[in-house]
Each structure stands twice: as C-alpha cells, then as structure tokens.
S.K.: 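I have a structure I would like to understand better, so I am pasting it below and will then ask my questions one at a time.
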Amino acid sequence: MTAVLYPGSFDPVHNGHVEIVETAAKLFDRVIVAAMRNPSKANSLLTLDERKLVLQETFAHLDNVEITSFASLVVDLAQELEADFIVKGLRAVSDFETELQMAQLNQAISGVHTLFLPSASEKSFLASRLIREISKFGGDVSSMVPEPALRALRERHSQ
Ligand code: PNS
C-alpha cells in the first residue's frame with residue numbers, strides 16, 4: 001500500500017491542485033492532502049481551519065483521499081503519517097527550480113523522496129495568489145476554483 005503526502009498552502013485550493021489530487025488518487029492507494037502554514041506567506045486569506053474545511057468538501061468524492069493541516073515541516077508530517085512519498089505539482093520550469101531544491105533538501109533531512117506531477121497546460125497559469133487578487137476586486141474566478149473554494153472566497157470578500 002503506497003501512501004503519498006500532497007502538501008500546499010491551498011489559499012485557496014484551485015483547479016490545478018484538484019487535477020493533481022485526482023491524478024494522485026488514481027496512482028496511489030492513499031493520498032493525504034495537507035494544508036500547510038507557510039511562514040513565507042504570512043498574510044493568508046483563509047485560516048488553516050478554513051482551508052482544511054474547503055479541501056474536505058472539495059475531495060469528499062474521492063474515497064482514498066484524506067485531509068489534514070499542519071504548521072511545521074512537511075517532512076515531519078510525512079514521517080508522522082508514514083507517507084512513502086511527497087507529491088508536488090509542476091506548472092512551469094520556474095516551479096521546477098524551487099521545487100527541486102526543496103525536494104533535495106527534504107530528501108537530505110528525512111530520506112523521503114518527492115515525486116513531481118506535471119499540471120495540464122490549460123491549468124498551468126493558475127496560482128492561488130492571483131486568484132485571491134482577482135476575487136478581491138470582484139473578478140470572476142468560478143472557472144478556476146472548485147465550488148467550496150468559490151463560496152469561501154465570496155464570503156471573505158463580501159465582509
Ligand atoms: O507553494 P505552497 O503551496 O505555498 O507550498 C507550501 C509548502 C509548505 C508545501 C512548501 O513551502 C514546502 O514544501 N516547503 C518545504 C519546507 C517546509 O517543510 N515548510 C513547512 C513550513 S515551515
């Protein structure tokens with residue numbers, strides 16, 4: 001039984017993330033999606049609990065997908081969950097440069113390898129930061145995020 005950890009900020013989860021989770025769910029027996037607190041992204045829009053809730057609703061249709069949240073190192077969570085691999089999505093070469101360094105560091109400090117899944121080209125422009133910005137100014141992001149994320153964005157931006 002192969003278990004993988006898919007960590008991310010997911011602030012909010014978007015359709016590029018959904019594609020990665022759906023692919024991982026076909027490839028592996030157990031997929032754990034973890035909403036992480038990323039200290040380099042201090043001004044999150046949704047709280048960690050809100051992001052976890054949105055993820056739970058988004059992936060409720062996938063039996064082998066579990067949701068958690070975590071506020072420390074990805075590798076600590078991977079070891080705690082006994083995950084065989086970390087999974088990351090790649091949109092472009094720019095992602096690869098940072099993700100390769102993180103994968104190598106994570107492997108060096110924990111022995112856990114990272115597997116990369118390329119995102120489909122029609123989703124490779126999606127980024128949570130840009131989606132937050134469009135939504136903040138009232139733009140339509142309904143084609144970019146799953147329904148639970150859209151509701152969370154609308155609630156947040158109507159306040
Ligand atoms: O790009 P994202 O979605 O903001 O990714 C967040 C995260 C934490 C998954 C990514 O930054 C990562 O893999 N970092 C590795 C270092 C680590 O474990 N950070 C945890 C927070 S201190």
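Counting starts at 1 for both ligands and their atoms, in listed order. Values reported hereafter were calculated over all heavy atoms of this structure, with side chains retained and with hydrogens, waters and symmetry mates removed. Because the structure is predicted, anything quoted here is derived from the model rather than measured.
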S.K.: What protein heavy atom sits nearest atom 1 (O) of ligand 1, and how far off is it?
M.R.: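 Protein heavy atom at minimum distance: Lys41 NZ, 3.4 Å.
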
S.K.: For atom 18 (O) of ligand 1, which protein heavy atom lies nearest, and how many Å away is it?
M.R.: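 Protein heavy atom with the smallest distance to atom 18 (O) of ligand 1: Val74 N, 2.7 Å.
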
S.K.: Checking side-chain contact (heavy atoms from CB on, under 4.5 Å) for the pair Val31/Phe59: CA distance, chi angles, key distance, verdict?
M.R.: CA-CA 11 Å; Val31 179; Phe59 298 114; over 6 Å; no

S.K.: Give yes or no for whether the N/O distance cutoff of 3.5 Å, strictly under, is met between Ser72 and ligand 1.
M.R.: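 So ligand 1 has no N or O lying under 3.5 Å from an N or O of Ser72.
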
S.K.: Determine, stepwise, if the pair Val74 / Met102 fulfils side-chain contact (heavy atoms from CB on, under 4.5 Å).
M.R.: CA-CA 10 Å; Val74 170; Met102 260 193 283; over 6 Å; no

S.K.: For the residue pair Lys123 and Asn15, what are the closest heavy atoms and their distance?
M.R.: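 Looking at all heavy atoms of both residues, the closest pair is CD-O, 3.4 Å.
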
S.K.: Kindly compute the distance separating CG (Leu62) from NZ (Lys26), expressed to the nearest 0.5 Å.
M.R.: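 Rounded to the nearest 0.5 Å, the CG-NZ separation comes out at 9.5 Å.
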
S.K.: Which protein heavy atom lies closest to atom 16 (C) of ligand 1, and at what distance to 0.1 Å?
M.R.: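 Protein heavy atom at minimum distance: Met102 SD, 4.3 Å.
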
S.K.: Test your reading of the structure: does Val75 have an N or O sitting under 3.5 Å from an N or O of ligand 1?
M.R.: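 There is no such contact.
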
S.K.: I'd like to check which ligand 1 atoms, numbered from 1 as shown, lie under 4.0 Å from a non-hydrogen atom of Pro39.
M.R.: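 The atoms of ligand 1 under 4.0 Å from a heavy atom of Pro39 are 21 (C), 22 (S).
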
S.K.: If only side-chain N and O atoms count, and only distance matters, is there a donor-acceptor pair under 3.5 Å linking Thr47 with Asp49?
M.R.: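 No, because no side-chain N or O of Asp49 sits under 3.5 Å from a partner of the opposite role on Thr47.
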
S.K.: Number the atoms of ligand 1 from 1 as they appear, then name those within less than 4.0 Å of a heavy atom of Arg37, with their elements.
M.R.: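 In order of numbering, the contacting atoms are 21 (C).
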
S.K.: Considering the options Leu53, Leu46, Leu48, which one meets the side-chain contact (heavy atoms from CB on, under 4.5 Å) requirement together with Glu50?
M.R.: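 Only one option passes, and that is Leu46.
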
S.K.: Taking C-beta and beyond as the side chain, do Thr58 and His17 meet within less than 4.5 Å on heavy atoms?
M.R.: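 Thr58 vs His17: side chains apart.
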
S.K.: Closest non-hydrogen protein atom to atom 3 (O) of ligand 1, residue and atom name please, with distance?
M.R.: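 Here the nearest protein heavy atom works out to Ser9 N, 2.8 Å.
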
S.K.: Considering non-hydrogen atoms only, spot the tightest contact between Arg30 and Leu81 and give its length.
M.R.: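 Looks like NH1-O, 3.9 Å.
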
S.K.: Do me a favour and list the nearest non-hydrogen protein atom to atom 8 (C) of ligand 1 with residue, atom name and distance?
M.R.: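 Heavy-atom neighbour on the protein nearest atom 8 (C) of ligand 1: Met36 CB, 3.8 Å.
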
S.K.: Starting from atom 6 (C) of ligand 1, what is the nearest protein heavy atom, named by residue and atom, and what distance separates them?
M.R.: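 Nearest neighbour among protein heavy atoms for atom 6 (C) of ligand 1, to 0.1 Å: Asn38 ND2, 3.6 Å.
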
S.K.: Classify the contact between Leu73 and ligand 1 as side chain, backbone, both or neither, using a heavy-atom distance cut-off of under 4.0 Å.
M.R.: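 Near ligand 1, Leu73 shows its backbone as well as its side chain.
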
S.K.: Please identify which atoms of ligand 1 are closer than 4.0 Å to at least one heavy atom of Lys88.
M.R.: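 Near Lys88, the atoms of ligand 1 are 12 (C), 13 (O).
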
